Amino acid sequence: MKQAIRYFTKSKKGNTKKIADFVSEKLGLEALTVESPLEEKVDRLILINAMYATDIDKEIKLFLHENKDKIGEVVNINSAASGASTLKAVKKACDKNGIAVSDKEFHTVASWIFLNKGRPNEEDFARLEAFLEGLKAE
């Protein structure tokens with residue numbers, strides 16, 4: 001199965017980047033930002049993102065639109081200080097572009113200012129590792 005990892009963050013805390021680097025290490029794939037288009041068709045795109053206010057960033061939506069013919073399925077991995085998942089917003093963007101979205105998702109809270117200090121933490125990364133093992137088994 002051909003896979004790729006793309007992520008987007010505008011946070012100075014770097015939570016999404018930490019998650020992307022962890023996924024990259026565990027799957028042996030390079031994690032690139034959504035500024036890097038897909039060079040070839042992939043069966044699975046692992047999309048790592050965060051909730052900003054009440055939606056995903058427009059750059060994620062643009063990436064999905066511009067790469068829609070190269071994506072078989074999106075697996076959503078996300079974090080948010082609010083605790084809100086991005087799956088609904090990612091699914092909406094993918095539906096507009098005819099991209100399938102896995103119902104399997106990893107979500108964790110992230111630290112921001114004084115909220116959720118120290119998150120994601122070791123327990124969150126252990127849960128993420130178990131999630132990734134499940135993906136590998138498919």
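Since the structure is predicted, the reported quantities are computational estimates derived from the model, not experimental observations.
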Do the side chains of Leu64 and Ile48 join up, straight or via other hydrophobic residues, at under 4.5 Å, putting them in one cluster?
no
Can you check whether Glu59's main-chain N or O pairs, donor with acceptor, with Asp57's side chain at less than 3.5 Å?
yes
Rounded at 0.5 Å granularity, tell me how far CG in Asp55 sits from NZ in Lys88.
11.0 Å
Just checking, any donor-acceptor pair under 3.5 angstrom between side chains of Asn49 and Thr86?
yes
Using side-chain heavy atoms (C-beta onward) and a distance below 4.5 Å, is Leu135 in contact with Phe106?
no
I need the Cys94 SG to His65 NE2 distance, nearest 0.5 Å.
13.0 Å
If you round to the nearest 0.5 Å, how far is NZ of Lys68 from CD1 of Ile99?
8.0 Å
Give, for atom CG of Asn76 and atom CG of Leu45, the distance between the pair rounded to the nearest 0.5 Å.
10.0 Å
Would you check if Phe125 and Ile19 make a side-chain contact, meaning some heavy-atom pair closer than 4.5 Å?
yes
pair Gln3-Val42: side-chain heavy atoms closer than 4.5 Å:
no
Ignoring hydrogens and geometry, is there a side-chain-to-backbone donor-acceptor pair from Asn67 to Leu38 under 3.5 Å?
yes
Going only through I, L, V, M, F, W and Y residues with side-chain contacts under 4.5 Å, is there a path from Leu47 to Phe8?
yes
Could you tell me if the side chain of Asn78 sits less than 4.5 Å from the side chain of Ile56, heavy atoms only?
no
CD1 (Ile46) and CD1 (Ile5) are apart, to the nearest 0.5 Å, by 5.0 Å
Thr108 versus Leu128: any side-chain heavy-atom pair under 4.5 Å?
no
Please tabulate, for side-chain N and O atoms in residues 21-36, each donor-acceptor pair with protein atoms closer than 3.5 Å (sequence neighbours left out).
from, atom 1, to, atom 2, distance (Å)
Asp21, OD1, Lys17, NZ, 2.8
Asp21, OD2, Lys17, NZ, 3.2
Ser24, OG, Leu29, O, 2.4
Lys26, NZ, Glu129, OE2, 3.4
Thr33, OG1, Glu35, N, 3.3

Heavy-atom nearest pair, Thr16 first then Ala50, reads OG1-CB, 3.7 Å
At what distance, to the nearest 0.5 angstrom, does CD1 of Ile71 lie from NZ of Lys41?
8.5 Å
